[in-house]
Structure formats: structure tokens, C-alpha cells
Amino acid sequence: MKDPNKVKEVVLKAVVEITGFPEDSIEVDQRLLDDLNLDSIKAGELINLIGKNLEVQLEASEFLNAKLEEIIGRI
């Protein structure tokens, strides 16, 4: 099992990298498409980046409009 704090840190850094938003403006209850305004391609890139950085296999289609906290919880 991965350390939840480490997972959250990696997820937030990936969101910053993909969106360009400052980290302090990102909340874990935000949804990828609805709140972060990602399109499905960018959301898929984000999920793949998170999986790569945490060395876990994630199916991007399962998380396209997930809340960040849902992604963190699944990892």
C-alpha cells in the first residue's frame, strides 16, 4: 500500500504540471473535466502521468471525470 500523503503529493504535482495551475489553487474535491477544465485527452495524460510517477497501472477511462480524492483513494 502506498503512503496516502505521498500519493496526494504526487497527484497534486502532476495536476500542476498538466494544468499549469498553482498548487495552492487545487483542491482534492475537484473533478478533472468539470472543475479543472481538462479535456479527455489531457485528463488521460494526467492519469497516465500519475500512474507512471507512482509505478501503478491505472485505466484512464475509469478516472476521466473523477475527483482527485477518488484517484488518491484508489491508489
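Along the sequence shown, residues carry numbers from 1.
Taking 4.0 Å as the cut-off between side-chain N and carboxylate O, Arg74 and Glu62 count as a salt-bridged pair.
Note: Leu49 CG to Lys42 NZ = 10.5 Å, rounded to the nearest 0.5 Å. Here the NZ atom belonging to Lys2 is positioned 6.0 Å from the CD atom belonging to Glu55, to the nearest 0.5 angstrom.
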Practice problem: Start with the C-alpha gap between Asp35 and Lys67, add the side-chain angles, then the distance that decides, and say whether side-chain contact (heavy atoms from CB on, under 4.5 Å) holds. | Solution: CA-CA 9 Å; Asp35 301 318; Lys67 291 181 179 182; 5.9 Å; no

Self-check item: Check against side-chain contact (heavy atoms from CB on, under 4.5 Å), Glu70 and Arg31
Solution: CA-CA 9 Å; Glu70 293 170 341; Arg31 292 189 177 278; 3.9 Å; yes

Practice problem: Tell me, with the steps shown, if Leu32 and Leu68 meet side-chain contact (heavy atoms from CB on, under 4.5 Å). | Solution: CA-CA 7 Å; Leu32 301 186; Leu68 296 175; 3.6 Å; yes

Quiz prompt | Worked verdict on Ile71 versus Ile47 for side-chain contact (heavy atoms from CB on, under 4.5 Å) | solution = CA-CA 9 Å; Ile71 298 168; Ile47 297 302; 3.6 Å; yes

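Side-chain contact check for Phe63 versus Leu58: some heavy-atom pair is nearer than 4.5 Å. The side-chain heavy atoms of Val11 and Asn53, taken from C-beta on, include no pair separated by under 4.5 Å. Side-chain contact between Asn5 and Glu9 is absent, with no heavy-atom pair separated by less than 4.5 Å.
Remark: Glu17 pairs with no residue by the side chain to side chain donor-acceptor pair (under 3.5 Å) rule, at least two apart or across chains. Judged as a side chain to side chain donor-acceptor pair (under 3.5 Å), and not counting sequence neighbours, Asn48 has no contacts. Every residue two or more places apart in sequence or in another chain was checked for a side chain to side chain contact (heavy atoms under 4.5 Å, CB included) with Asn37, and none qualifies.
Among all heavy-atom pairs drawn from Ile50 and Ala14, the shortest one is CG1-CB, 3.7 Å.
The environment of Glu23 atom CD is dense: over 12 non-hydrogen atoms of other residues, nucleotides or ligands sit within 6.0 angstrom.
When hydrophobic clusters are built by joining Ile, Leu, Val, Met, Phe, Trp and Tyr residues whose side-chain heavy atoms come closer than 4.5 Å, directly or via intermediates, Leu64 is not grouped with Ile75.
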